[in-house]
Amino acid sequence: MSATLVTGIGELVTNVTPDGMPGGRLAAIAGAALVIEGEHVAWAGPADRAPAADTVIDAEGRAVLPGFVDSHAHLVFAGERSAEFTARMAGQGYAAGGIRTTVAATRAATDDELRAGIGRLAREMLRQGTTTFECKSGYGLTVKDEARSLALASEVTPEVTYLGAHVVPAEYADDPAGYVDLVCGQMLDACAPHARWVDVFCERGAFDGDSARAILAAGASKGLLARVHANQLGPGPGVTVAVEAGAASADHCTFLTDADVAALASSGTVATLLPGAEFGTRQPYPDARRLLAAGATVALATDCNPGSSFTSSMPFCIAIAVRDMHMTPAEAVWAATAGGARALRRDDVGYLAPGARADLVILDAPSHAYLAYRPGIPLVHAVMTSGLVAWRGR
Ligand SMILES: [Zn+2]
């Protein structure tokens, strides 16, 4: 197997402890090098101790980070909602029902139209350093349209999430219980073969705690692992339901009680914060410091979707997390890499050490702090996925 040496790394973010295990905080080596063999990292350490390799890449002092892991994205949809965004910025409130606009457009779209949209967003993500991303259904809301949404998502990522329980569609407005039965029955049967995860929007105006429990349990019976949209628009049972179900992640976590924070901190459920949604809806940001102080594991993700958070940029989310949520650059970058990996229960990404997948971002900057220090600047110089250059800038 041929080996590639990436040397001249100004700062190598490894996210591993001194004994080489993925750790709970950002860790980095100055003046570093990295050896890639095949799809994996074979060696990482100080450049002056690097072994020889067949090919040498000089990073010329740039920072190298694990590729971003975006654990929450809704990429399967048609249409756009810029008018709704504009109205919101002029003072109109945000409610879960706006999702139905996208549902109508998505049902009317062809497979190829949906596939083109997914591909466009996946390329955007790659150019901004995202090397692993999750993708949900949730804009079909019929058996056929949910199943095809998941089949299309599975063409671009293994992290596919069944979100039939995104919102109750208009045709079930008078029979929400009937829709929950569909989500737990015939729709699940059609969707489970395409998905790894099941998710539910547990929120006033979407699904209550009992419905959410039923949906996650039904998903589990088909082998789907749980994740939950929890406590985005107000206090509610979402976090409780997520922790009870052993969910990998409770996402949003904007309105939490002390009991919610304690439950997250004492569980294996990651608190995934989605600051793009608060940015796009002008809601208060989640209290990251409170979660971190309690010892909860915090991830950052984009929530890329056409309604509340139409950004695919992890660097943008990092910048907001630092500026407005008071995370340090180290905390935010860890949350966007290793945190995302934990939210997807992945042990092969989010860190750079022997055995990790060789997914890495090379920044046109000497340190990870520049992701927040230079907001809005396209700092990604190149991206490697599974040991190969997948995107290169100037
Ligand atoms: Zn979402």
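No experiment lies behind these values; they were computed from the predicted model shown. Ligands are counted one by one from 1 in listed order, and the atoms in each one are counted from 1 as well.
- Applying the side chain to side chain contact (heavy atoms under 4.5 Å, CB included) rule to Arg290 yields the partners Leu256, Asp258, Val261, Asp287; only residues at least two apart in sequence or on another chain are considered.
- We find that Arg120 and Glu124 are not joined by a salt bridge, their nearest charged nitrogen and carboxylate oxygen being 4.0 Å or further apart.
- Excluding waters, the set of protein N, O or S atoms lying under 2.8 Å from the Zn ion (ligand 1) comprises His72 NE2, His74 NE2, His229 NE2, Asp303 OD1.
- Under 4.0 Å is where a charged nitrogen must lie from a carboxylate oxygen, and between Glu113 and Arg115 no such pair does.
- Contact annotation: the side chain of Arg357 approaches that of Thr132 to within less than 4.5 Å [non-hydrogen atoms, C-beta and beyond].
- Aromatic ring orientation, Tyr370 versus Tyr373: perpendicular (interplanar angle above 60°, classes split at 30° and 60°).
- Using a cutoff of 4.0 Å between basic side-chain nitrogens and carboxylate oxygens, Arg346 and Glu159 are scored as salt-bridged.
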